[in-house]
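Bear in mind the structure is a predicted one, so any value in this text is a computation, not a measurement.
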Amino acid sequence: MDMHTVVLGTSGTTARDVIAVAREDARVELSAEAVAALAAAREIVDALAAKPDPVYGVSTGFGALATRHIGQDLRTRLQRNIVRSHAAGMGPRVEREVVRALMFLRLKTVASGRTGVRPAVAQTMADVLNAGITPVVHEYGSLGCSGDLAPLSHCALTLMGEGDAEGPDGTVRPAGELLAAHGITPVELHEKEGLALLNGTDGMLGMLVMALADLKTLYTSADITAALSLEALLGTDRVLAPELHAIRPHPGQAASADNMLRVLAGSGLTGRHAEITGDAPRVQDAYSVRCAPQVNGAGRDTLDHARLVADRELASAVDNPVVLPDGRVESNGNFHGAPVAYVLDFLAIAAADLGSITERRTDRLLDKNRSHGLPPFLADDPGVDSGLMIAQYTQAALVSEMKRLAVPASADSIPSSAMQEDHVSMGWSAARKLRTAVDNLARIVAVELYAATRALELRAAEGLVPAPASQAAVDALRAAGVQGPGPDRFLSPDLAAAHAFVRAGKLVAAVEPVTGPLA
């Protein structure tokens, strides 16, 4: 269902519009300004094409073959052939939302009037998106330089009525059949148009935009689960005082501390370790509890930096060559994915560290020697059942995978195109592994949520009163059908349901009516 209409002009787009088109099937339209800019740039390309002098991308071959001048009688064939030859992707299909983001962002650059593509081709791109037709794009085929070449080529094939695509009903059919069924005429590409449809970093940018949206929710969720664990472990909330974070003024750190403090407001557990357990007063909590704002906050600041890069890219026109405002058509290197690749890798590193500290708190909740009175593994009948022992194993396995996913893809490069393209960004690979890391992080946070809410229920059974926001989290999780171990409940940990609860942002939604909007 269309949520709203996104109108593309010449000055780029927003992250919200990318999400709307990719995930919500929003309709796409070209503004009158964009259509006029497309037509003006096309006149420049047509004039150059009529001249005898070779112009890269207009009347030459591509990449290492750019030295060959192509006569007018072969240029339509040249543009068609670059799409066909570059559609060499392999491996599993890429997710529908990624392909829609890829197509929309390519259309964003085309609409800028800097590519020389005809208005009719741009309109066909919009028509395909609006029809819910999704080209079949494969996992492998982009080096993140000279554009996400193979992925974008498979999209361009669909515009030509070739290759396979998925219809709005989810069935994969020949693209020509799907276009015909929706009254869309396949395009015949003219000078420069085949190259212009392939030469962008749109896939990695689309995945960055969606990862940023997902991670924003996950970082808030992780602040909440860290607060729940602190409370269940009878920790002190004094370390969350704003004056402590003001003397180390990282904005993300202050935001995370404030989130945790608001979740813990009104708790009957925090700071009462000696009173409740009879042990000596605790001087300070373990790092995984005490330093949660510092770790979560550093990740938040990383998100802000990555968002700055994404916003700049969303305002960019990435193509080679480009049509400049003064009428020149110039080659350039703006298709290189380094700016996007770096932040994709940086986000994977931050997510891995957040997963690591989250798992340490879960382990502490399950260890009777460190949990301050909680039963071993939070089991209902320790020894007869193992409680959440293996839930923590699953979480640990995910954390280990996160560390592998944090190895930077952008630190690698491999030469291609007969050494013409001798340094590449590997940004597509960075984006693909970040998508896995984001989903894994949601699972890791879900395990902590499962364990912390179980621990708080056990504390409540002893007559201790959790914070109102904590109780809201427990109640929402149970209302969603996520049951913890215990009498009359499922013995097996319901981790998949907890993951779905966190991934959908339901934890944040459950807590905010009590705390107010969280950062």
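Every pair passing ring pair (Phe, Tyr, Trp, His ring centres under 6.0 Å) that includes a residue from residues 133-152 is listed here, sequence neighbours excluded: His138-His154.
A donor-acceptor pair under 3.5 Å is absent between the side-chain atoms of Arg100 and the main chain of Phe104, judged by distance alone. For the pair Thr201 (side chain) and Met204 (backbone), a donor-acceptor distance under 3.5 Å is absent. Side-chain atoms of Ser316 come within 3.5 Å of backbone N or O of Arg312 as a donor-acceptor pair.
Of the residues listed (Asn440, Thr362, Thr358), the one engaging Gln395 in a side-chain hydrogen bond (donor to acceptor under 3.5 Å, both in side chains) is Thr362, and it is the only one. With Glu193 as the fixed residue, the side-chain hydrogen bond (donor to acceptor under 3.5 Å, both in side chains) test singles out one of Gln79, Arg118, Arg80: Arg118.
Salt-bridge annotation for Asp439 and Arg435: absent, with no side-chain N of the basic residue lying under 4.0 Å from a carboxylate O of the acidic one.
Using modelled atom types, one finds a donor on one side chain and an acceptor on the other under 3.5 Å when comparing Ser256 with Asp223. Looking at Glu448 and Ser229, their side chains do bring a donor and an acceptor atom within 3.5 Å of each other.
For His336, the ring pair (Phe, Tyr, Trp, His ring centres under 6.0 Å) partners are His423, not counting sequence neighbours.
Residues Ser413 and Met426 fail the side-chain proximity criterion, which asks for heavy atoms closer than 4.5 Å. Between Leu324 and Glu330, the closest side-chain pair of non-hydrogen atoms falls below 4.5 Å.
Between Thr158 atom OG1 and Met125 atom CE the span is 11.0 Å, to the nearest 0.5 Å.
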